[in-house]
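Ligands are counted one by one from 1 in listed order, and the atoms in each one are counted from 1 as well. If you're wondering where the values come from, they're calculated on a predicted model, not measured in any experiment.
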Amino acid sequence: MTHDQISQTFVDHFGQYGHRLVPGTSLIPPPGDPVLFTTSGMHPLTPYLLGRPHPMGRRLVNVQRCLRTTDLDEVGDRTHLTLFQMLGSWSLGDYEISQSLRWGYELLHDRFGIEHDRMHVTVFGGDDQVGPDEVSLRTWDRLGVPVELTGDQNWWDNGPTGPCGPDSEIFVWTGDERPHGTPGTDDRWLEVWNHVQMRYHRHDDGSLTPLRQPSVDTGMGLERLEMVLRGRQSVYEGDDLMPWIGGVQRLRELPEQQLRVVCDHLRTGVVVIGDGVRPSNTGRGYVLRRLIRRVLTTLWRQDPGLSLSDLQPEPVRQTLERFGQPVPVGDVQSVLGDEERRFRDLLRRGRLVVSRRRSRGPLTDEVYRDLHDTHGLPRELIDELLAQ
Ligand code: ATP
Ligand code: MG
């Protein structure tokens, strides 16, 4: 199945049960939203999950691109990307968790054909405020899927106060031999789907009160689902990442981990640019700048002569097309090219300035500040130059 077929199957599955398709939004949340990028499918729906009636009804489904800077340190492993697509379904005060789990199982098993014994789930086992999630436990028991009970790993919240509740995560076995162990004991159990019950509101004093309208919010990573459906070893072997892997390899052979980071960051950078962000020293622009600089630093460590202008346009074109971004490939390439030039200049000047400062003594916080304010050298770049 291609990405489009996988997404369409998801949307159709929930469509047959009355879910309306909410169009995905760009990575940029609306003005007034404190977060830099959309991090999940539920993010744009927050007001409706808290009780505002949604114009499209109480059953929704969607495909949303998400960006998580909190996952940057994990990028390069088998399963984490900075940018990924989330398949989401919602019951806004309508059906309950047991129904959501049953439809979830039906989709994975009956429609996608994932074998029953390659599935394992986790369920909230209770803490000193809330008892175990008996409903989910019973539902999975009836379906015959093995359950692991956990503590706060199966408790969802979005900060110290606000809506929260227990969740149940679905894992698929990705090992070569027969499935064994549990998600907690063997990381070949790969988390693909989380079903969250928003049931409570947590107050400043830590106490919980039930929400007037409990909802169900689910999210499944498309690239991870593709990985398990195709029996691949990592998300980097999927349709979205393969063109990048090929393109970057033609530029230069890199160690596996570095190759993955470079591909992830380039793909993310292209989509961020496609959503209208330009490199800068603050906010979203700074996230973009750091992604591009990390790519360049990694490449230049291998060969200082490498340039993004030698990259074929194909992966850029495919990525823009996949995310439905009507931006000319040349525009994206020139944003990358300008940033590369700026970074090269900065490094040239930076090397001089830093070594001069260094010869006068250790770099104090004040010197760091001064290098930043007068020469535009961020702390991590100075440290990188010192390390070289
Ligand atoms: P993990 O523990 O693996 O980081 P998570 O608990 O952060 O996952 P959720 O926030 O529950 O994940 O997101 C819902 C789904 O989105 C996950 O089950 C997974 O399929 C997908 N997902 C989450 N983070 C990533 C990522 N960085 N790259 C690809 N897919 C992801
Ligand atoms: Mg995570």
Side-chain angles (χ1 to χ4, degrees), residues 3 6-7 10 24 27 35 37-46 49 61-90 97 100-101 104 107-108 112 114 119-124 136 148 150-159 163-174 182-184 186-198 216-230 232-241 244 260-261 263-265 267-268 271-272 287 291 323:
H3 267 191
I6 296 173
S7 313
F10 183 90
L27 287 171
V35 308
F37 294 103
T38 297
T39 55
S40 68
M42 64 83 56
H43 186 95
L45 293 173
T46 308
L49 285 158
V61 61
N62 132 297
V63 184
Q64 176 64 48
R65 54 178 172 266
C66 303
L67 191 157
R68 294 190 176 178
T69 51
T70 46
D71 283 356
L72 276 170
D73 288 339
E74 278 161 296
V75 167
D77 70 3
R78 297 188 310 137
T79 59
H80 287 89
L81 295 162
T82 309
L83 172 95
F84 62 97
Q85 305 222 62
M86 198 184 281
L87 307 167
S89 68
W90 292 272
I97 186 66
S100 180
L101 298 177
L107 175 65
L108 294 180
F112 285 128
I114 297 175
M119 288 191 231
H120 205 305
V121 299
T122 56
V123 166
F124 181 66
S136 299
E148 180 174 36
T150 80
D152 58 6
Q153 282 164 40
N154 282 90
W155 184 264
W156 180 89
D157 60 33
N158 207 6
C164 54
D167 64 46
S168 181
E169 297 179 338
I170 306 177
F171 293 74
V172 178
W173 179 254
T174 60
T182 67
D186 195 318
D187 66 7
R188 284 170 296 178
W189 287 106
L190 170 65
E191 179 193 330
V192 293
W193 203 352
N194 195 359
H195 290 235
V196 178
Q197 304 172 53
M198 292 197 190
V216 180
D217 152 43
T218 87
M220 172 153 64
L222 174 59
E223 295 82 355
R224 285 196 197 175
L225 178 60
E226 179 196 23
M227 172 182 161
V228 302
L229 291 182
R230 293 185 162 177
R232 300 277 155 83
Q233 290 307 308
S234 83
V235 286
Y236 293 89
E237 292 165 45
D239 279 352
D240 267 23
L241 272 299
W244 285 106
R260 287 177 172 182
V261 170
C263 291
D264 168 87
H265 287 15
R267 168 175 173 265
T268 306
V271 180
V272 170
V287 173
L291 288 168
F323 287 89

Pairs of nitrogen or oxygen atoms closer than 3.5 Å, one from E223 and one from ligand 1: do any exist? no
Distance filter under 4.0 Å to W193 heavy atoms, resulting ligand 1 atoms: 18 (O)
Can you label the angle between the F124 ring and the W155 ring as parallel, tilted or perpendicular, going by 30° and 60°? tilted
If we only consider heavy atoms of M86, is any one of them less than 4.0 Å away from an atom in ligand 1? yes
Just to verify, which of L241, D71, L67 counts as forming a side-chain contact (heavy atoms from CB on, under 4.5 Å) with L81? L241
Would you find a donor on one side and an acceptor on the other, under 3.5 Å apart, between the side chain of R68 and the backbone of T39? yes
Mind checking whether R224 has an N or O less than 3.5 Å away from an N or O of ligand 1? yes
Is it true that a side-chain atom of R260 and a backbone atom of Y236 form a donor plus acceptor pair closer than 3.5 Å? no
Does any donor atom in the side chain of W193 or T218 lie under 3.5 Å from an acceptor atom in the other side chain? yes
Using a 4.0 Å heavy-atom cut-off, say whether E191 meets ligand 1 through its side chain, its backbone, both or neither. both
Which part of T79 is near ligand 1, with near meaning a heavy atom under 4.0 Å away: side chain, backbone, both or neither? backbone
For ligand 1, which is the ligand I care about here, please tell me if M220 has any N or O atom under 3.5 Å from one of the ligand's N or O atoms. no
Check each atom of ligand 1 against the heavy atoms of N194 and keep those under 4.0 Å away; list them by number with element. 11 (O)
Under the side-chain hydrogen bond (donor to acceptor under 3.5 Å, both in side chains) rule, what do D167 and W156 come out as? Steps first, then yes or no, please. CA-CA 6 Å; D167 64 46; W156 180 89; over 6 Å; no
Quick one: does ligand 1 sit under 4.0 Å from the side chain of D71, the backbone, both or neither, non-hydrogen atoms only? side chain
Going by the rule side-chain contact (heavy atoms from CB on, under 4.5 Å), which residues pair with D187 if we only count those two or more places apart in sequence or in a different chain? none
Closest to atom 31 (C) of ligand 1 among W156, F84, F171 (heavy-atom distance): F84
